[in-house]
Amino acid sequence: MMWKLVSCTLCIFVSFFVLAKTTELDAEVKVEVLSRPEQCTSKSKKGDMINVHYDGFLAKDGSQFYCSRSVKDGHAQWYVLGIGQVIKGLDKGMVDMCPGEKRKITVPPALAFGSTGKDPVPPNATVIFEVELYSISRGPASVEAFREMDIDGDRSLSKAEVKAYFKLDYEKSGKARDEPFYERLVADVFRKTDHNYDGLISAKEYNVYEHDEL
């Protein structure tokens with residue numbers, strides 16, 4: 001009787017372990033590199049500001065549910081990588097990309113829209129994104145960058161301060177852009193970070209990594 005009990009307990013444990021491993025494997029993001037430039041001067045990492053276009057498809061039938069080229073006047077989207085501004089699967093799948101690289105990223109439901117879905121994506125749907133990365137710049141989400149941007153030292157960032165920071169950063173790298181480019185970049189940063197819509201990014205709003213120094 002004791003042996004049967006131990007055997008049953010072991011069976012349950014093994015079954016749970018296998019189930020856990022299967023769930024873990026099912027939750028992996030699959031990345032296929034479609035094209036990559038021969039020369040890659042930098043690769044995307046957590047905290048970088050990246051500029052991308054991407055199309056979203058349902059894995060089940062291939063139907064398209066999102067196209068960044070058809071929203072916001074067709075401009076490529078700006079994101080700080082790795083902080084949850086996009087679904088977890090994209091945050092994982094866009095790491096180590098080169099400017100000019102294209103990827104196909106397959107995301108399981110657990111790292112996409114989950115068991116509830118998000119219209120028009122149904123519940124428990126595996127989704128596929130075709131992503132093209134245009135540029136990478138040092139993201140604003142660091143203590144050092146905040147201090148550099150906060151010119152007047154008031155522990156909040158104005159649009160002018162953020163714009164000046166990005167403009168200097170691009171000029172230093174020899175990739176100066178026109179004014180509309182910086183205006184769109186700043187607008188995207190404030191749309192994602194200025195949670196109370198007061199036209200300023202406070203230290204609390206900016207502190208996406210929860211640094212005590214801020």
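Looking only at side-chain heavy atoms (C-beta outward), Gln77 and Asn51 stay at 4.5 Å or farther from each other. Within the 4.5 Å cutoff, no side-chain heavy atoms of Leu90 are placed close to those of Leu111. When side chains are defined from C-beta on, Leu168 does not count as touching Phe166, because their heavy atoms never get closer than 4.5 Å. Using a 4.5 Å heavy-atom cutoff, the side chains of Val52 and Glu132 are not in contact. Counting only heavy atoms from C-beta outward, the side chains of Leu81 and Met94 approach each other to under 4.5 Å. Proximity of Leu185 to Met49: side-chain heavy atoms (C-beta onward) are separated by under 4.5 Å at one or more points.
A chain of hydrophobic side-chain contacts below 4.5 Å, direct or via other Ile, Leu, Val, Met, Phe, Trp or Tyr residues, connects Tyr66 to Leu58. A chain of hydrophobic side-chain contacts below 4.5 Å, direct or via other Ile, Leu, Val, Met, Phe, Trp or Tyr residues, connects Tyr182 to Ile201. When hydrophobic clusters are built by joining Ile, Leu, Val, Met, Phe, Trp and Tyr residues whose side-chain heavy atoms come closer than 4.5 Å, directly or via intermediates, Val127 is grouped together with Val95. Residues Val29 and Phe57 fall into different hydrophobic clusters, defined by Ile, Leu, Val, Met, Phe, Trp and Tyr side chains chained together at heavy-atom separations under 4.5 Å. Residues Ile128 and Val121 do not share a hydrophobic cluster, clusters being chains of Ile/Leu/Val/Met/Phe/Trp/Tyr side chains in contact below 4.5 Å.
Other residues, nucleotides and ligands contribute over 12 non-hydrogen atoms within 6.0 Å of the NZ atom of Lys163.
Looking at residues two or more places apart in sequence or on another chain, you find a disulfide bond (SG atoms under 2.5 Å apart) between Cys40 and Cys98.
Ile136 approaches Lys43 most closely through the heavy-atom pair CD1-C, 3.7 Å. Pairing each heavy atom of Pro99 with each of Pro37, the nearest pair is O-CG, 3.1 Å. A pairwise comparison of heavy atoms in Phe65 and Pro120 identifies CB-CG, 3.7 Å as the closest pair. In this structure, Gly47 and Val80 approach most closely via the heavy-atom pair O-CG1, 3.7 Å. Taking all atoms of both residues into account, the shortest heavy-atom contact from Ser156 to Leu200 is OG-CD1, 4.1 Å. Of all heavy-atom pairs spanning Pro109 and Thr126, the tightest one is CD-OG1, 3.4 Å.
With values rounded to the nearest 0.5 angstrom, Ile151 atom CD1 is found 7.0 Å from Ser158 atom OG. The distance from the OG1 atom of Thr106 to the CD atom of Glu28 is 12.0 Å, given to the nearest 0.5 Å. If you take CD on Glu205 and NE2 on His195, they are separated by 5.5 Å, rounding to the nearest 0.5 Å.
Side-chain atoms of Gln85 do not come within 3.5 Å of backbone N or O of Ile83 as any donor-acceptor pair. Checking side-chain atoms of Ser68 against main-chain N and O of Tyr54 turns up a donor-acceptor pair under 3.5 Å. In this structure, the side chain of Ser44 engages the main chain of Asp96 through a donor-acceptor pair within 3.5 Å. Looking only at distances, no side-chain donor or acceptor of Asp150 sits under 3.5 Å from a matching main-chain atom of Leu157. No donor-acceptor distance shorter than 3.5 angstrom exists from the side chain of Asp48 to the backbone of Ile50, with no hydrogens or angles considered.
By the 4.0 Å N-to-carboxylate-O rule, Asp91 lies too far from Lys88 to be salt-bridged with it. In this structure, Glu32 does not pair ionically with Arg103, as no charged nitrogen and carboxylate oxygen lie closer than 4.0 Å. A salt bridge between Asp188 and Arg191 is present, with a side-chain N of the basic residue lying under 4.0 Å from a carboxylate O of the acidic one. A salt bridge does not link Arg177 with Glu183: every distance from a Lys NZ or Arg NE/NH1/NH2 to an Asp or Glu carboxylate oxygen is 4.0 Å or more. A salt bridge links Glu101 with Arg36: the distance from a Lys NZ or Arg NE/NH1/NH2 to an Asp or Glu carboxylate oxygen falls below 4.0 Å. In summary, Arg184 and Glu179 do not engage in a salt bridge, as defined by a charged side-chain N under 4.0 Å from a carboxylate O.
For Lys104 and Phe129, the positive end is not near the middle of the six-membered ring at less than 6.0 Å and at most 45° from its axis.
Ring centroids of Tyr197 and Phe190 are separated by 6.0 Å or more, keeping the two rings apart. Taking the six-membered ring wherever Trp is involved, the centroid distance between the rings of Phe181 and Trp78 falls below 6.0 Å.
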